[in-house]
Amino acid sequence: MIITIDGPAGAGKSTVARQLANRLGFAFLDTGAMYRAVAWACLQRDVDFSDVDAVADVARTIVIQFDGDEVLVDGQNVSGEIRTNDVTAASQYTAGNLEVREILVEQQRRIAGDSDVVTEGRDQGTVVFPAAEFKFFITASPESRARRRQEEFAARGQNIPLEQVLADQTDRDNRDAARKVGAMKPAADAVEVDTSQIDADAVVQRLLEIIGGTPD
Ligand SMILES: Nc1ncnc2c1ncn2[C@@H]1O[C@H](COP(=O)(O)OP(=O)(O)O)[C@@H](O)[C@H]1O
Ligand SMILES: Nc1ccn([C@@H]2O[C@H](COP(=O)(O)OP(=O)(O)O)[C@@H](O)[C@H]2O)c(=O)n1
């Protein structure tokens, strides 16, 4: 069974998808980590991001693996490094690269195989798994999302003004929505859940109820 969770940055996709997967005993797939992993590898190799073929070559060459919560590129644990601001900023060039998208979409389908998976990203319900049994689109107000991100940065010792987090986020939202392929949008058959006013546990309960799991 495939359950897809799409939505904008900071809506709570990873948190909710991971918890839902745990509760159901499903695998969890973080597809944003894959776009980040390619961006990280490009930065390592000093690839010119305007060279779309060179960026695609990196996606074709590296081996991305998931080991529990860890993300590996060619065997190296990059879980922390793919969350830096530099990689977040560079991920627009991998997410906007058609060939990279083709390569990663193919890998996502292969990873899911015929197992039970909760997968999250931007295009999981629309492009990658259009036949998924359950599809969710998780949103929250731009301010709540930015505040959550700001708190995450603060926990890592980085104090960034809310206006800056919000501006970066709006930029990324606009690019994600405007992309010709793999644009962020709810699938026609997705259930939309606004998480602005409820915590992650409540979101997971809500999803479990919808898919017919056993709520606490
Ligand atoms: N429903 C929620 N209410 C409050 N905070 C949340 C909620 N869901 C997630 N968070 C927090 O917001 C931050 C961003 O969540 P994350 O799951 O990384 O979002 P996304 O994967 O959509 O970018 C995390 O620190 C997480 O703990
Ligand atoms: N299925 C996906 C997942 C992420 N992405 C892109 O990859 C980037 C990183 O995704 P992410 O989900 O890790 O980022 P956050 O939104 O959690 O900060 C996003 O800015 C998206 O543009 C994508 O294009 N398609």
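Just follow the structure's listing: the first ligand is 1, and inside any ligand the first atom is 1.
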Checklist line | Rounded distance [0.5 Å steps], CZ in Arg101 versus CZ in Arg122 | finding: 9.0 Å
Item checked: Spacing of Leu20 atom CG and Ile211 atom CD1 [to the nearest 0.5 Å] -> 5.0 Å
Please could you name the atoms of ligand 1 that [X] approaches to less than 4.0 Å, counting only its heavy atoms?
X: Asp199; answer: 1 (N), 2 (C), 3 (N)
X: Thr195; answer: 1 (N)
X: Ile198; answer: 1 (N), 2 (C), 3 (N)

Pick, from [options], the option with the minimum heavy-atom distance to [atom].
atom: atom 17 (O) of ligand 2; options: Lys13, Arg149, Glu152; result: Arg149
atom: atom 6 (C) of ligand 2; options: Gly121, Gly10, Ala95, Gly7; result: Ala95
atom: atom 21 (O) of ligand 1; options: Ala200, Ser14, Gly7; result: Ser14

Specify the protein heavy atom at minimum distance from [atom]: its residue, its atom name, and the distance to 0.1 Å.
atom: atom 10 (O) of ligand 2; result: Gly32 CA, 3.5 Å
atom: atom 12 (O) of ligand 2; result: Arg122 NH1, 3.1 Å
atom: atom 17 (O) of ligand 1; result: Thr15 OG1, 2.5 Å
atom: atom 7 (O) of ligand 2; result: Tyr35 CB, 3.5 Å
atom: atom 3 (C) of ligand 2; result: Thr31 OG1, 3.5 Å
atom: atom 8 (N) of ligand 1; result: Gly12 CA, 3.6 Å
atom: atom 8 (C) of ligand 2; result: Ser91 OG, 3.6 Å
atom: atom 22 (O) of ligand 2; result: Asp176 OD1, 2.4 Å
atom: atom 1 (N) of ligand 2; result: Asp123 OD1, 2.8 Å
atom: atom 25 (O) of ligand 1; result: Glu152 OE2, 2.9 Å
atom: atom 10 (N) of ligand 1; result: Arg148 CD, 3.8 Å
atom: atom 9 (C) of ligand 2; result: Arg36 NE, 3.7 Å

Margin query: Using salt bridge (charged side-chain N to carboxylate O under 4.0 Å, His left out), reason through Glu143 and Arg147 one step at a time and then give a plain yes or no.
Written below: CA-CA 6 Å; Glu143 292 71 22; Arg147 233 175 292 114; over 6 Å; no
Next item on the list: Verify the neighbour count for atom CZ of Phe129: are there more than 12 heavy atoms of other residues, nucleotides or ligands below 6.0 Å?
Entry: yes
Note to self: Does Arg83 have more than 12 heavy atoms from other residues, nucleotides or ligands lying within 6.0 Å of its CZ?
What the structure shows: yes
Are any of the heavy atoms in [X] under 4.0 Å away from ligand 2?
X: Gln124; result: yes
X: Met184; result: no
X: Arg101; result: yes
X: Arg179; result: yes
X: Gly182; result: no

Which pair of heavy atoms, one from [X] and one from [Y], lies closest together, and at what distance?
X: Val58; Y: Ala41; value: CG1-CB, 3.6 Å
X: Gly182; Y: Val127; value: CA-CG2, 4.2 Å
X: Ala132; Y: Thr4; value: CB-CG2, 3.7 Å
X: Ala17; Y: Phe28; value: CB-CE1, 3.5 Å

Margin query: Heavy-atom pairs closer than 4.0 Å: do any link ligand 1 to the side chain of Lys13, the backbone, both, or neither?
Written below: both
Check: After noting the C-alpha distance and the side-chain angles of Gln108 and Thr31, does the key distance pass the side chain to side chain donor-acceptor pair (under 3.5 Å) rule?
Finding: CA-CA 7 Å; Gln108 289 156 20; Thr31 63; 4.6 Å; no
[X] side chain to [Y] main-chain N or O, any donor-acceptor pair under 3.5 Å?
X: Asp74; Y: Val63; result: yes
X: Lys13; Y: Pro8; result: yes
X: Gln169; Y: Pro142; result: yes

Do [X] and ligand 1 have an N or O pair less than 3.5 Å apart?
X: Arg149; result: yes
X: Ala11; result: yes
X: Val16; result: no

Note to self: If the test is salt bridge (Lys or Arg N to Asp or Glu O under 4.0 Å), which one of Asp189, Asp6, Asp123 qualifies with Lys135?
What the structure shows: Asp189
Checklist line | No-hydrogen, no-angle side-chain donor-acceptor test under 3.5 Å, Thr195 and Arg148 | finding: yes
Check: Are a donor atom and an acceptor atom from the side chains of Ser196 and Asp194 found within less than 3.5 Å of each other?
Finding: yes
Note to self: Looking at ligand 1, would Pro8 count as a contact under a 4.0 Å heavy-atom criterion?
What the structure shows: yes
